[in-house]
Amino acid sequence: MNTIVNEQGIILFEIFPNPSTGQFSIRSNEVLQNAMVQLMDLTGKVIYNRALTDDKQTISIDAGYLPHGMYIIRLQTDKKMQTGKVIIRH
């Protein structure tokens with residue numbers, strides 16, 4: 001599990017399992033309404049893009065088609081943008 005916290009130590013979101021075989025979940029501390037989730041390689045190239053229109057706190061992502069390695073997750077709402085990392089191992 002990778003837990004992303006702010007300067008005050010408040011959990012913003014969690015990525016689990018991490019490392020992953022490519023299927024993982026992102027759980028936010030708030031409802032993800034009108035949010036965008038992006039998965040990027042380490043060069044910054046966006047390889048997965050998903051708009052979240054329903055009110056959920058946890059979403060699942062299947063990225064098992066990607067080669068093993070480290071990827072950056074960007075979670076953006078209308079109020080803020082947060083980033084984390086996920087490791088994919090096959």
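Smallest separation of non-hydrogen atoms from I73 and F24: CD1-CE1, 3.5 Å. Pairing each heavy atom of A63 with each of L39, the nearest pair is CB-CD2, 3.9 Å. The shortest non-hydrogen separation linking N18 to I87 is OD1-N, 2.9 Å. Summarising the geometry of Y65 relative to D62, their closest heavy-atom pair is CE2-O, 3.5 Å, with the distance given to 0.1 Å. Closest of all the heavy-atom pairs between M70 and L42 is O-CG, 3.5 Å. Here the closest non-hydrogen pair linking R89 and H68 is CA-CB, 4.0 Å.
Distance alone, capped at 3.5 Å, places no donor-acceptor pair between the H90 side chain and the G22 backbone. With hydrogens and angles disregarded, a donor-acceptor distance shorter than 3.5 Å links the side chain of T77 to the backbone of K80. With N29 contributing its side chain and I11 its backbone, the two residues share a donor-acceptor pair below 3.5 Å.
Interatomic distance, CD of Q82 versus CG of L12, reported as 4.5 Å (0.5 Å rounding).
Among V86, T58, V37, the single residue meeting the side-chain contact (heavy atoms from CB on, under 4.5 Å) criterion with I26 is V37.
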Which atom pairs, one a donor and one an acceptor, fall under 3.5 Å between side chains of residues 43-53 and the rest of the protein, sequence neighbours left out?
residue	atom	partner	partner atom	Å
T43	OG1	D41	OD1	2.6
T43	OG1	D41	OD2	3.4
N49	OD1	Q38	NE2	3.3
R50	NH1	S60	O	2.8

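For the pair T3 and E14, the minimum side-chain heavy-atom distance is below 4.5 Å. Side-chain contact check for D78 versus N34: every heavy-atom pair is 4.5 Å or farther apart. Annotation: side chain of F16 is in contact with side chain of R27 (closest heavy-atom distance under 4.5 Å).
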